[in-house]
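The sequence lines fix the lettering, A, B, ..., with proteins before strands; numbering per chain opens at 1.
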Amino acid sequence: MHLLVCIKQVPNTNEIKIDPKTNTLDRSGATSILNPYDAHAVEEAVRWKRALGGTVSVLTMGPPQAKEVIQKSVELGADRGYLLTDKAFAGSDTLATSYILSTAVQKIASSIPVDLVFCGKQAIDGDTAQVGPGIASRLNIPQLTYVERIIEIKPEQQTIKVQRHIDGGHEIVESKLPCLVTVEKEINELTYAPLPDMIRAVRYHPVVWSVSDLDADINAMGLKGSPTAVKKIFTPKQRAGGEIWKGKADELAKKLVPLLIGDVLSCRQ
Amino acid sequence: MQAVKQTANEVWVFAEQLEGTLSNVTLELIGAARALAADLCGTVATVLIGNQVDELIPTLFEHGTDTVYYVNAPIFQWYRAETYSRAFCELIQKYEPEILLMGATTTGRDLAGAVATALKTGLTADCTGLELDAGQKLLLASRPALGGNIMATIVCEKHRPQMATVRPKVMPMPERISGRTGTVIYEQVELREQSLKTKVLEIVREHSADTKMEDANIIVSVGRGVQNEHTLVLAQTLAEVLGGVVGGSRGAVEKGLVDDQHQVGQTGQTVRPKLYIAVGISGAIQHTVGMNRAQTIIAINTDETCPMMKLATYGIVGDAALVLPALIHEWTAALKPSIA
Ligand SMILES: Cc1cc2nc3c(=O)[nH]c(=O)nc-3n(C[C@H](O)[C@H](O)[C@H](O)COP(=O)(O)OP(=O)(O)OC[C@H]3O[C@@H](n4cnc5c(N)ncnc54)[C@H](O)[C@@H]3O)c2cc1C
Ligand SMILES: Nc1ncnc2c1ncn2[C@@H]1O[C@H](COP(=O)(O)O)[C@@H](O)[C@H]1O
């Protein structure tokens with residue numbers, strides 16, 4: 001089995017603050033991390049590789065320092081990594097990003113055929129969840145998104161059976177391979193890296209490709225290849241607040257209930 | 001890629017349904033589409049794909065759609081990206097809508113990504129605001145970015161349709177006008193089961209949280225400030241007395257007070273209840289984007305400077321362990337059924 005995972009380096013949005021004076025983003029405290037959903041995707045690929053045999057490759061597009069998330073993946077058990085980095089890629093929206101990634105998947109697959117492509121459910125900086133379906137659509141393979149559990153993979157029959165999260169429940173879906181899976185965090189628990197993998201990770205150098213290494217149309221990438229554009233950035237409008245009450249709990253409760261009784265009664269009908 | 005040209009000025013909505021049950025976000029989007037269509041001097045159309053779901057059509061008209069494109073065949077019994085995106089792409093190429101809206105649900109996001117890529121057009125995910133630049137027929141789609149810290153307005157100038165997925169509960173539910181009707185256009189899409197690669201084997205509905213919280217009128221939501229089992233039980237009791245449901249912040253989910261199906265916020269559910277009681281929740285932006293459309297917000301918090309207090313209609317400064325019993329007492333008395 002050749003399992004290929006698309007991974008992204010993202011700023012830790014937990015650490016981004018808004019400067020209340022200038023209303024601008026303060027990213028100074030924010031470190032870069034492997035997108036959490038992608039970490040679970042790597043973990044899942046590695047588990048299936050251990051069960052069925054084969055290779056796990058990881059692929060990322062980003063600046064040169066995105067090498068760090070490839071090393072992190074090697075720590076989690078990935079065998080090889082590919083880094084796509086070029087000025088021509090900068091400013092790509094999800095359509096252009098999935099185009100670039102799909103051309104790289106094709107190139108990788110031309111040396112070792114790929115059975116299964118993994119993505120995270122979404123990247124925490126963009127939250128779009130579009131790149132996975134975009135890659136699948138470009139490669140013309142089935143997409144199984146929001147996967148909570150891979151129930152079985154049958155390499156001889158070239159099939160996979162998964163449990164997908166849907167609103168209000170889940171569904172069991174079967175697909176032919178190759179296909180693309182995007183994973184939820186529930187799919188597994190991350191395990192600690194064994195020491196040899198940690199050492200290998202530190203020393204690992206990925207294959208680095210620029211635009212000239214890909215069989216790709218330069219007009220379909222970067223700003224030129226991106227149909228969407230950001231027109232405006234603003235800080236969200238705050239809802240106007242009301243009153244702040246202090247005092248003894250029972251008195252405050254007595255004051256509050258009459259103000260809301262009408263609403264509460266109307267909800268009960 | 002298609003350049004902008006004269007089109008019918010139609011705003012399309014994807015009718016999301018599961019085994020004949022329409023999702024509420026479909027109707028919310030029909031309402032949003034009406035406003036956009038008015039600015040475009042155009043009409044609203046809904047695309048309904050499924051197997052024998054005719055009974056949904058009147059509901060679509062009564063909430064404001066002018067046209068229903070109906071694709072009806074056994075192969076569409078359950079949603080599959082493979083079949084639905086094929087059907088969608090064919091319809092879009094035939095009728096060339098100006099704008100296409102889908103719910104930012106698992107199904108809507110799955111479908112939108114596939115359709116936008118196949119048509120090589122722009123898609124803005126997870127929007128919370130839609131406006132129109134009427135002069136340029138340009139959809140201004142706003143969405144939270146970077147964990148909700150900022151909002152970005154995204155446009156797609158040169159490609160059609162302009163696509164967006166929109167969060168459930170963000171757009172108000174349009175009024176239902178009973179008896180309102182429109183045109184049904186029946187469409188056929190050539191697809192054969194033998195040539196498909198995916199098969200849905202089973203659908204399991206978990207009847208717990210999801211639907212209930214999303215539609216609840218009253219939510220008592222707990223946060224990390226709910227310090228122990230005792231206070232949690234008080235919050236649950238208050239919810240029971242009020243006839244509401246219990247939700248929580250991510251802090252509460254991490255602490256194991258509620259399960260993640262009940263998480264409110266950016267990575268949880270968006271809710272729009274009449275009454276939202278935030279108990280021991282600080283009001284981080286990722287939480288408030290999911291609940292700031294509540295009609296009335298009550299905050300119970302020891303810290304009067306926390307962001308939730310600034311948002312609240314009534315902010316009660318105090319320890320939840322003391323405030324909750326007082327509220328339970330008063331509400332129980334006020335709601336005691338009078339003997340008629
Ligand atoms: C990408 C991303 C997505 C996220 N998505 C979500 C999301 O969907 N939903 C979400 O909720 N969060 C989300 N978060 C997390 C969010 O940033 C906050 O960390 C979280 O909402 C905090 O939860 P909290 O308010 O319960 O806890 P805290 O921030 O720890 O607040 C606890 C509050 O309790 C008060 N308190 C303490 N003791 C008492 C007492 N005895 N009585 C009354 N009050 C008391 C304190 O004053 C404080 O205000 C997300 C974060 C990121 C980075
Ligand atoms: N630049 C990138 N390089 C590699 N994979 C990516 C990149 N951007 C997105 N992905 C993959 O697509 C998933 C969804 O991203 P998004 O559509 O941005 O929410 C991520 O979890 C990754 O698996």
Seminar exercise, completed: Turns out that what part of A/Leu259 lies under 4.5 Å from chain B's heavy atoms comes down to side chain
Problem set entry | Which atoms of A/Lys248 approach chain B - backbone, side chain, both or neither, heavy atom under 4.5 Å | neither
Problem set entry | Per-residue contact mode, B/Arg293 against chain A (heavy atom under 4.5 angstrom) | backbone
Problem set entry | A/Ile233, part contacting chain B, at a heavy-atom distance under 4.5 Å | both
Problem set entry | Interface moiety of A/Gln163 toward chain B, non-hydrogen atoms closer than 4.5 Å | neither
Exercise. Does any heavy atom of chain A fall under 4.5 Å from the side chain of B/Leu242, the backbone, both, or neither of them?
Worked result: both
For this session: Could you please state which residues from residues 116-123 of chain A sit under 4.5 angstrom from chain B, measuring non-hydrogen atom to non-hydrogen atom, sorted by number, or 'none'?
Result: A/Gln122
For this session: Measure B/Ala152 against the heavy atoms of chain A and call it side chain, backbone, both or neither at under 4.5 Å.
Result: both
Exercise. How about residues 137-149 of chain A versus chain B: which residues have heavy atoms under 4.5 Å apart?
Worked result: A/Ser137, A/Arg138, A/Asn140, A/Pro142, A/Gln143, A/Leu144, A/Thr145, A/Tyr146
Exercise. Side chain, backbone, both or neither: which part of B/Glu82 has a non-hydrogen atom closer than 4.5 Å to chain A?
Worked result: neither
Problem set entry | Aromatic ring pairing B/Tyr79/B/Tyr84, orientation class (parallel under 30°, perpendicular over 60°, tilted between) | perpendicular
Problem set entry | Contact class of B/Asp319 relative to chain A, heavy atoms under 4.5 angstrom | neither
Exercise. Looking at B/Val317, B/Val155, B/Leu140, which makes the most heavy-atom pairs under 4.5 Å with chain A?
Worked result: B/Val155
Seminar exercise, completed: Applying a strict 4.5 Å limit to non-hydrogen atoms, the region of B/Leu18 in contact with chain A is side chain
Exercise. Which answer fits B/Thr288, side chain, backbone, both or neither, if we ask what part of it has an atom under 4.5 Å from a heavy atom of chain A?
Worked result: neither
For this session: Counting only heavy atoms closer than 4.5 Å, note whether B/Leu324 contacts chain A via side chain, backbone, both or neither.
Result: neither
Problem set entry | For A/Glu189, all residues meeting side chain to side chain contact (heavy atoms under 4.5 Å, CB included), sequence neighbours excluded | none
Exercise. With sequence neighbours excluded, what pairs up with B/Thr313 under the side chain to side chain contact (heavy atoms under 4.5 Å, CB included) test?
Worked result: A/Arg239, B/Thr296, B/Ile297
Problem set entry | Which portion of A/Ile261 sits near chain B, non-hydrogen atoms under 4.5 angstrom | both
Problem set entry | Region of B/Gln162 that comes under 4.5 Å of a non-hydrogen atom in chain A | neither
For this session: Examine whether an atom of B/Leu201 lies under 4.5 Å from a heavy atom of chain A, and if so say whether it belongs to the side chain, the backbone or both; otherwise answer neither.
Result: both
